[in-house]
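Structure first, commentary second.
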Amino acid sequence: MTLGFSVEKLVLAGRSGTALRMGLTRVAEAGWLRPDFDRAARVAAFDRHPGAVQVLPSAAAAAREAAAMVGVDGGLGEAARAIWEDLCILERREDAYVLTAAAVAFPTDWRIEDKMGLPLTAVHAPIHGYAEQLAAGVDHFLDTLAPGPIFGRANWFVVANGDWRYMPEDDAAERFAHVDAGNAGRTLFVRCERQTLRRLPGTGAVLFTIGVAVARLDTLSTAIVRRVAAGMAAQSTGEQGRRAAPFYAGALSGYAADLSDLEIAA
(Lines give C-alpha, C1' and ligand atoms only; values in the text may rest on other atoms or scores of the structure.)
Protein backbone atom coordinates (compact mmCIF):
# COMPACT_ATOMS: atom_id res chain seq x y z
CA MET A 1 0.00 0.00 0.00
CA THR A 2 1.28 3.47 -0.89
CA LEU A 3 1.20 6.12 1.80
CA GLY A 4 -0.84 8.99 0.39
CA PHE A 5 -1.41 12.44 1.84
CA SER A 6 -5.21 12.65 2.13
CA VAL A 7 -7.29 11.67 5.14
CA GLU A 8 -8.96 8.91 3.12
CA LYS A 9 -5.60 7.36 2.19
CA LEU A 10 -4.10 7.77 5.64
CA VAL A 11 -7.06 6.22 7.48
CA LEU A 12 -6.65 3.14 5.28
CA ALA A 13 -2.97 2.97 6.21
CA GLY A 14 -3.54 3.54 9.92
CA ARG A 15 -4.38 1.29 12.82
CA SER A 16 -7.84 -0.28 12.76
CA GLY A 17 -7.80 -2.74 15.69
CA THR A 18 -6.79 -3.22 19.28
CA ALA A 19 -3.15 -4.28 18.84
CA LEU A 20 -0.52 -1.57 18.55
CA ARG A 21 1.70 -1.95 15.51
CA MET A 22 4.23 0.11 13.63
CA GLY A 23 2.49 -0.63 10.33
CA LEU A 24 5.39 0.59 8.22
CA THR A 25 5.42 0.90 4.47
CA ARG A 26 8.29 1.85 2.16
CA VAL A 27 8.11 5.43 0.88
CA ALA A 28 9.77 6.55 -2.35
CA GLU A 29 12.05 9.58 -2.22
CA ALA A 30 9.76 11.40 -4.65
CA GLY A 31 6.81 10.82 -2.31
CA TRP A 32 8.56 11.70 0.93
CA LEU A 33 7.20 15.21 1.50
CA ARG A 34 3.87 16.77 0.58
CA PRO A 35 4.35 18.76 -2.64
CA ASP A 36 1.41 21.19 -2.27
CA PHE A 37 0.61 22.86 1.03
CA ASP A 38 -0.48 26.03 2.80
CA ARG A 39 2.86 27.74 3.32
CA ALA A 40 1.24 30.75 5.02
CA ALA A 41 -0.29 28.50 7.68
CA ARG A 42 3.11 27.05 8.49
CA VAL A 43 4.79 30.41 8.80
CA ALA A 44 1.95 31.84 10.88
CA ALA A 45 2.03 28.91 13.31
CA PHE A 46 5.76 29.25 13.93
CA ASP A 47 5.45 33.03 14.26
CA ARG A 48 2.72 32.66 16.89
CA HIS A 49 4.54 29.91 18.79
CA PRO A 50 8.29 30.61 18.97
CA GLY A 51 8.69 27.72 21.42
CA ALA A 52 7.64 25.32 18.68
CA VAL A 53 11.32 24.92 17.72
CA GLN A 54 13.73 23.44 20.24
CA VAL A 55 17.18 21.99 19.65
CA LEU A 56 19.39 20.58 22.38
CA PRO A 57 23.04 21.72 22.02
CA SER A 58 24.12 18.15 21.32
CA ALA A 59 21.73 17.96 18.35
CA ALA A 60 22.95 21.06 16.49
CA ALA A 61 24.79 19.07 13.81
CA ALA A 62 21.86 16.70 13.25
CA ALA A 63 19.48 19.68 12.99
CA ARG A 64 21.65 21.25 10.28
CA GLU A 65 21.83 17.95 8.42
CA ALA A 66 18.06 17.52 8.60
CA ALA A 67 17.56 21.02 7.21
CA ALA A 68 19.95 20.29 4.35
CA MET A 69 18.11 17.06 3.58
CA VAL A 70 14.89 18.97 2.94
CA GLY A 71 16.78 21.49 0.83
CA VAL A 72 17.17 24.34 3.31
CA ASP A 73 20.44 26.06 4.15
CA GLY A 74 19.67 26.96 7.74
CA GLY A 75 18.37 25.56 10.98
CA LEU A 76 15.56 23.18 11.85
CA GLY A 77 13.05 25.99 12.27
CA GLU A 78 13.75 27.39 8.81
CA ALA A 79 13.45 23.91 7.35
CA ALA A 80 10.08 23.25 8.99
CA ARG A 81 8.72 26.56 7.70
CA ALA A 82 9.66 25.57 4.15
CA ILE A 83 7.79 22.24 4.10
CA TRP A 84 4.45 20.95 5.35
CA GLU A 85 5.88 18.40 7.73
CA ASP A 86 6.94 18.91 11.32
CA LEU A 87 10.45 17.64 12.04
CA CYS A 88 11.79 15.66 15.00
CA ILE A 89 15.29 14.31 15.53
CA LEU A 90 15.96 11.12 17.46
CA GLU A 91 19.46 10.20 18.61
CA ARG A 92 20.85 7.13 20.32
CA ARG A 93 21.92 7.87 23.88
CA GLU A 94 23.32 4.83 25.68
CA ASP A 95 20.43 2.35 25.76
CA ALA A 96 17.61 4.47 24.28
CA TYR A 97 16.63 6.78 21.44
CA VAL A 98 16.03 10.30 22.71
CA LEU A 99 14.15 13.28 21.25
CA THR A 100 16.92 15.86 20.88
CA ALA A 101 15.40 18.41 18.48
CA ALA A 102 11.97 19.29 17.14
CA ALA A 103 10.17 21.87 15.03
CA VAL A 104 6.46 21.22 15.51
CA ALA A 105 3.91 23.75 14.23
CA PHE A 106 0.92 21.41 14.22
CA PRO A 107 1.01 19.18 17.31
CA THR A 108 -1.80 16.80 18.17
CA ASP A 109 -2.31 17.48 21.87
CA TRP A 110 1.34 17.40 22.99
CA ARG A 111 4.00 19.98 23.82
CA ILE A 112 7.60 19.59 22.75
CA GLU A 113 8.85 21.25 25.94
CA ASP A 114 7.38 18.29 27.84
CA LYS A 115 9.15 15.74 25.62
CA MET A 116 12.59 17.18 24.84
CA GLY A 117 15.47 15.04 26.05
CA LEU A 118 13.23 12.10 26.92
CA PRO A 119 13.65 8.53 25.63
CA LEU A 120 10.96 7.28 23.28
CA THR A 121 9.24 5.15 25.90
CA ALA A 122 8.71 8.27 28.03
CA VAL A 123 7.70 10.34 25.00
CA HIS A 124 4.99 7.78 24.24
CA ALA A 125 4.00 7.15 27.85
CA PRO A 126 0.42 8.43 27.34
CA ILE A 127 -0.18 5.74 24.69
CA HIS A 128 -1.62 2.72 26.43
CA GLY A 129 0.36 -0.42 25.65
CA TYR A 130 3.33 1.29 23.95
CA ALA A 131 5.95 0.11 26.46
CA GLU A 132 4.64 -3.46 26.45
CA GLN A 133 3.71 -3.91 22.80
CA LEU A 134 5.83 -1.57 20.71
CA ALA A 135 8.89 -0.18 22.49
CA ALA A 136 11.26 -3.10 21.81
CA GLY A 137 10.19 -3.36 18.18
CA VAL A 138 10.60 0.36 17.59
CA ASP A 139 14.09 0.38 19.10
CA HIS A 140 15.10 -2.62 16.99
CA PHE A 141 13.78 -0.99 13.84
CA LEU A 142 15.65 2.24 14.55
CA ASP A 143 18.88 0.35 15.35
CA THR A 144 18.72 -1.42 11.99
CA LEU A 145 17.52 1.52 9.88
CA ALA A 146 20.15 2.29 7.26
CA PRO A 147 20.71 5.60 5.45
CA GLY A 148 18.70 5.81 2.23
CA PRO A 149 15.41 3.95 2.73
CA ILE A 150 12.38 5.90 3.97
CA PHE A 151 9.59 4.21 5.90
CA GLY A 152 6.19 5.63 6.70
CA ARG A 153 3.10 4.97 8.76
CA ALA A 154 -0.13 6.73 9.69
CA ASN A 155 -2.14 7.57 12.80
CA TRP A 156 -5.66 8.93 12.92
CA PHE A 157 -7.75 10.61 15.61
CA VAL A 158 -11.30 11.89 15.95
CA VAL A 159 -11.22 15.51 17.08
CA ALA A 160 -13.54 18.43 17.76
CA ASN A 161 -12.30 20.91 15.15
CA GLY A 162 -10.34 21.24 11.96
CA ASP A 163 -7.53 23.42 13.30
CA TRP A 164 -4.07 22.52 12.09
CA ARG A 165 -2.75 22.95 15.61
CA TYR A 166 -4.90 20.78 17.90
CA MET A 167 -4.23 21.68 21.52
CA PRO A 168 -7.54 21.51 23.40
CA GLU A 169 -7.52 22.87 26.93
CA ASP A 170 -11.20 22.47 27.83
CA ASP A 171 -12.80 19.45 29.47
CA ALA A 172 -13.48 16.65 26.97
CA ALA A 173 -17.06 16.22 28.18
CA GLU A 174 -17.73 19.88 27.46
CA ARG A 175 -15.81 19.77 24.16
CA PHE A 176 -18.06 17.06 22.70
CA ALA A 177 -21.28 17.79 24.62
CA HIS A 178 -23.06 19.11 21.53
CA VAL A 179 -22.23 16.08 19.35
CA ASP A 180 -24.93 13.53 18.51
CA ALA A 181 -25.60 11.07 15.71
CA GLY A 182 -27.57 13.69 13.82
CA ASN A 183 -24.84 16.31 13.68
CA ALA A 184 -21.67 14.21 14.00
CA GLY A 185 -20.89 14.64 10.32
CA ARG A 186 -20.66 18.40 10.79
CA THR A 187 -19.11 18.49 14.28
CA LEU A 188 -16.50 15.72 14.25
CA PHE A 189 -13.25 15.74 12.29
CA VAL A 190 -10.75 13.03 11.41
CA ARG A 191 -7.17 14.15 11.95
CA CYS A 192 -4.35 12.08 10.47
CA GLU A 193 -0.62 12.12 10.97
CA ARG A 194 1.54 10.93 8.08
CA GLN A 195 4.78 9.93 9.76
CA THR A 196 8.08 8.99 8.12
CA LEU A 197 11.44 7.80 9.41
CA ARG A 198 14.86 7.93 7.76
CA ARG A 199 18.48 7.83 8.86
CA LEU A 200 20.63 10.92 8.45
CA PRO A 201 23.85 9.56 6.90
CA GLY A 202 26.23 12.12 8.34
CA THR A 203 25.33 12.27 12.03
CA GLY A 204 23.52 8.93 12.21
CA ALA A 205 20.48 10.55 13.81
CA VAL A 206 16.95 9.54 12.77
CA LEU A 207 14.72 12.15 11.16
CA PHE A 208 11.04 11.70 12.02
CA THR A 209 8.53 13.76 10.04
CA ILE A 210 4.86 14.36 10.83
CA GLY A 211 2.49 15.67 8.18
CA VAL A 212 -1.06 16.51 9.29
CA ALA A 213 -4.25 16.10 7.26
CA VAL A 214 -7.73 16.98 8.57
CA ALA A 215 -11.20 16.46 7.14
CA ARG A 216 -14.71 16.95 8.47
CA LEU A 217 -16.51 13.65 8.91
CA ASP A 218 -19.27 14.39 6.38
CA THR A 219 -16.70 14.98 3.62
CA LEU A 220 -15.41 11.41 3.86
CA SER A 221 -16.70 8.32 2.09
CA THR A 222 -19.08 5.99 3.91
CA ALA A 223 -16.43 3.25 3.89
CA ILE A 224 -13.91 5.49 5.67
CA VAL A 225 -16.47 6.69 8.22
CA ARG A 226 -17.36 3.08 9.01
CA ARG A 227 -13.67 2.16 9.31
CA VAL A 228 -13.07 5.02 11.74
CA ALA A 229 -16.13 4.12 13.84
CA ALA A 230 -15.19 0.43 13.95
CA GLY A 231 -11.54 1.19 14.65
CA MET A 232 -12.38 3.46 17.55
CA ALA A 233 -14.77 0.89 19.03
CA ALA A 234 -12.06 -1.81 18.82
CA GLN A 235 -9.41 0.12 20.74
CA SER A 236 -8.62 -0.62 24.35
CA THR A 237 -10.50 1.12 27.12
CA GLY A 238 -7.35 3.00 28.10
CA GLU A 239 -6.69 4.22 24.59
CA GLN A 240 -10.33 5.22 24.12
CA GLY A 241 -10.03 7.28 27.27
CA ARG A 242 -6.86 8.99 26.05
CA ARG A 243 -8.66 9.94 22.84
CA ALA A 244 -11.80 11.15 24.71
CA ALA A 245 -13.82 8.55 22.80
CA PRO A 246 -16.43 7.98 25.53
CA PHE A 247 -17.74 11.48 24.80
CA TYR A 248 -18.36 11.00 21.06
CA ALA A 249 -18.12 7.26 20.22
CA GLY A 250 -21.86 6.68 20.45
CA ALA A 251 -22.58 9.60 18.14
CA LEU A 252 -19.87 8.44 15.73
CA SER A 253 -21.25 4.89 15.60
CA GLY A 254 -24.79 6.18 15.17
CA TYR A 255 -23.75 8.45 12.33
CA ALA A 256 -21.90 5.59 10.59
CA ALA A 257 -24.93 3.30 11.00
CA ASP A 258 -27.23 5.96 9.56
CA LEU A 259 -25.00 6.26 6.50
CA SER A 260 -25.15 2.49 6.02
CA ASP A 261 -28.94 2.54 6.32
CA LEU A 262 -29.14 5.28 3.70
CA GLU A 263 -27.02 3.20 1.32
CA ILE A 264 -29.26 0.18 1.79
CA ALA A 265 -32.39 2.28 1.26
CA ALA A 266 -30.93 3.70 -1.93
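Hydrophobic clustering, with ILVMFWY side chains joined whenever heavy atoms are under 4.5 angstrom apart, groups M116 together with I210. The hydrophobic cluster containing F5 does not contain I150, counting ILVMFWY residues as joined when their side-chain heavy atoms lie under 4.5 angstrom apart, directly or transitively. Put simply, Y166 and W84 are part of the same group of oily side chains (I, L, V, M, F, W, Y) that touch within less than 4.5 Å, one to the next.
Using cut-offs of 30° and 60° for the angle between ring planes, the F141 and F151 rings count as perpendicular.
For the pair E78 (side chain) and G75 (backbone), a donor-acceptor distance under 3.5 Å is present. A donor-acceptor contact shorter than 3.5 Å links the side chain of Y97 to the backbone of L142. A donor-acceptor contact shorter than 3.5 Å is absent between the side chain of E8 and the backbone of L220. A donor-acceptor pair under 3.5 Å links the side-chain atoms of D86 to the main chain of F106, judged by distance alone. For the pair H124 (side chain) and L120 (backbone), a donor-acceptor distance under 3.5 Å is present. One N or O on the side chain of R227 and one on the backbone of L12 form a donor-acceptor pair closer than 3.5 Å. Checking side-chain atoms of D180 against main-chain N and O of A251 turns up no donor-acceptor pair under 3.5 Å.
The distance from the CD1 atom of I83 to the CZ atom of R39 is 10.0 Å, given to the nearest 0.5 Å. For the atom pair CD (E85) and CH2 (W32), the distance works out to 8.0 Å, reported to the nearest 0.5 Å. Distance check: T108 OG1 to N155 CG gives 8.5 Å after rounding to the nearest 0.5 Å. The CH2 atom of W110 sits 9.0 Å away from the CE atom of M167 when rounded to the nearest 0.5 Å. Put simply, CZ on R243 and OH on Y248 are 7.0 Å apart, with the number rounded to the nearest 0.5 Å. Here CD1 of I224 is found 11.0 Å from CG of L217. Values are rounded to the nearest 0.5 Å.
Of all heavy-atom pairs between W164 and R191, the closest is O-NH2, 2.6 Å. Counting all heavy atoms, side chain and backbone alike, L76 lies closest to A66 at CD1-CB, 3.9 Å. In plain terms, the two heavy atoms of P201 and P147 that are nearest each other are CB-CB, 3.9 Å. Considering every non-hydrogen atom in both F208 and L90, the closest pair reads CB-CD1, 4.5 Å. The nearest pair of heavy atoms linking R81 to R42 is O-CB, 4.1 Å. Scanning all heavy atoms of the two residues, the minimum distance from A184 to Y255 falls at CB-CB, 3.8 Å.
Among residue pairs with one or both ends in residues 89-110, those qualifying as salt bridge (charged side-chain N to carboxylate O under 4.0 Å, His left out) are E91-R93, R92-D143; sequence neighbours excluded. Note on residues 198-213: pairs passing side-chain hydrogen bond (donor to acceptor under 3.5 Å, both in side chains), not counting sequence neighbours, are E29-R198, E65-T203, T196-T209. Here salt bridge (charged side-chain N to carboxylate O under 4.0 Å, His left out) pairs that include residues 157-174, with residues two or more places apart or in two chains, are R111-E169, D170-R175.
At least one side-chain heavy atom of I89 sits less than 4.5 Å from a side-chain heavy atom of T100. Residues L99 and C88 are in side-chain contact: their nearest non-hydrogen atoms beyond the backbone lie under 4.5 Å apart. In this structure, the side chains of L188 and N183 stay at 4.5 Å or more apart for every pair of heavy atoms. Under the 4.5 Å side-chain criterion, counting only non-hydrogen atoms from C-beta, R194 is in contact with V27.
Around atom NE2 of H140, no more than 12 heavy atoms belonging to other residues, nucleotides or ligands sit under 6.0 Å away.
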- Chi angles and distances behind the side chain to side chain contact (heavy atoms under 4.5 Å, CB included) call for V11, V228: CA-CA 7 Å; V11 167; V228 168; 3.9 Å; yes
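Here the options are V214, V7, D218, the test is side chain to side chain contact (heavy atoms under 4.5 Å, CB included), and the partner is F189; only V214 passes.
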